[in-house]
Amino acid sequence: MTDAAGRPLALVLTAGNRHDLDGAEALLAITGPPGRLLADRAYDARRLRDRLAEGGTIAVIPPNPTRKHPHPWDPVAYKARNSVERFFCLLKDFRRIATRYDKRADTYLSGAFLAAAITCWGK
């Protein structure tokens, strides 16, 4: 999870066979409800939307094309999601993160924390 400027707020490592919603719920537990959450179509689920609404968060999530009754969303605000993608691109500039040399999850996550700290140092 990043702020509007693309600086990391929280990182969570999940298993490769887990859905992205599990990671989103873990991130929200760490950071609390944001004012607005920008996410891609993979996060278009009722349980996440309900949780965000309870916390007063505006969900800017495009609807899944298979939905019978799509939710309204703001395509202009959604363009700001690019900052998250740029942050992940900066993390993957670190070879150790991109190729995952570390066998243990805690070692890999600590490397990701270091890489995140280095990338936002100059911001």
Side-chain angles (χ1 to χ4, degrees):
M1 184 176 283
T2 66
D3 63 3
R7 294 179 298 242
L9 296 175
L11 292 173
V12 173
L13 185 65
T14 58
N17 60 351
R18 302 296 301 200
H19 194 276
D20 290 344
L21 287 173
D22 296 334
E25 289 176 353
L27 287 171
L28 289 172
I30 294 170
T31 61
R36 184 171 67 172
L37 181 78
L38 285 69
D40 62 8
R41 289 189 165 124
Y43 297 91
D44 182 29
R46 179 170 296 184
R47 74 177 182 183
L48 180 62
R49 286 184 179 277
D50 291 344
R51 181 173 179 173
L52 293 174
E54 287 173 8
T57 301
I58 298 169
V60 182
I61 304 171
N64 191 330
T66 61
R67 274 197 183 271
K68 290 182 182 177
H69 305 288
H71 298 284
W73 62 290
D74 186 1
V76 175
Y78 183 72
K79 290 181 181 181
R81 196 181 72 81
N82 173 319
S83 64
V84 177
E85 298 301 329
R86 287 194 316 253
F87 169 68
F88 281 123
C89 184
L90 288 173
L91 276 184
K92 290 183 179 181
D93 284 345
F94 292 85
R95 186 172 165 193
R96 179 171 221 87
I97 303 303
T99 57
R100 183 146 187 188
Y101 288 129
D102 300 310
K103 302 260 188 254
R104 294 177 29 189
D106 60 342
T107 309
Y108 179 75
L109 187 58
S110 64
F113 281 135
L114 285 172
I118 291 169
T119 60
C120 72
W121 190 319
K123 289 188 176 188

Kindly indicate whether the side chain of H19, heavy atoms from C-beta on, has any atom under 4.5 Å from the side chain of T14. no

With a 4.5 Å limit on heavy-atom distance, are the side chains of P34 and I58 in contact? no

Any sub-3.5 Å donor-acceptor pair from R49's side-chain atoms to H71's backbone N or O? no

Ignoring hydrogens and geometry, is there a side-chain-to-backbone donor-acceptor pair from D44 to N64 under 3.5 Å? yes

Inter-residue atom distance L48.CG - E25.CD, 0.5 Å rounding: 6.5 Å

In plain terms, say whether R46 and D50 are close enough for a salt bridge, that is, a side-chain N and a carboxylate O under 4.0 Å apart. no

Quick one: pull up CZ in R100 and CG in L13 and give me the separation to the nearest 0.5 Å. 5.5 Å

Using the side-chain contact (heavy atoms from CB on, under 4.5 Å) rule, take L37 and M1 through it: C-alpha gap first, then chi angles, then the decisive distance, then the call. CA-CA 9 Å; L37 181 78; M1 184 176 283; 4.1 Å; yes

Heavy-atom pair of closest approach, residues A45 and L21: CB-CD1, 3.4 Å

R47/D22 ion pair, N-O < 4.0 Å: yes

Please round to the nearest 0.5 Å and tell me the distance separating atom OG1 of T2 and atom CG of L38. 9.0 Å

Please name the pair of heavy atoms, one in A115 and one in I97, separated by the smallest distance, quoted to 0.1 Å. CB-CG1, 4.1 Å

Output the distance between atom CG (D20) and atom OH (Y43), rounded to the nearest 0.5 Å. 4.0 Å

State, to 0.1 Å, how close A116 and F87 come at their nearest heavy-atom pair, and which atoms those are. CB-CZ, 3.9 Å

Considering residues, nucleotides and ligands other than R67, do more than 12 of their heavy atoms fall under 6.0 Å from its CZ? yes

When you compare the side chain of E54 with that of P33, does any pair of heavy atoms fall below 4.5 Å? no

Can any side-chain N or O of Y108 pair as donor or acceptor with the backbone N or O of K103 at less than 3.5 Å? no

Would you confirm whether D74, through its side chain, and V76, through its main-chain N or O, come within 3.5 Å as a donor-acceptor pair? yes

Going from CZ on R51 to OG1 on T57, what distance comes out if it is rounded to the nearest 0.5 angstrom? 9.5 Å

Which value, rounded to the nearest 0.5 Å, describes the distance between L11 atom CG and L27 atom CG? 8.0 Å

Using a 4.5 Å cut-off on heavy atoms from C-beta on, say whether the side chain of F94 contacts that of L114. no

Mind checking whether V12 and I30 have side chains closer than 4.5 Å, heavy atoms only? yes

Least distance between heavy atoms, P63 atom then R41 atom: O-NE, 3.1 Å

I118 and F88: same hydrophobic cluster, using ILVMFWY side-chain contacts below 4.5 Å? yes

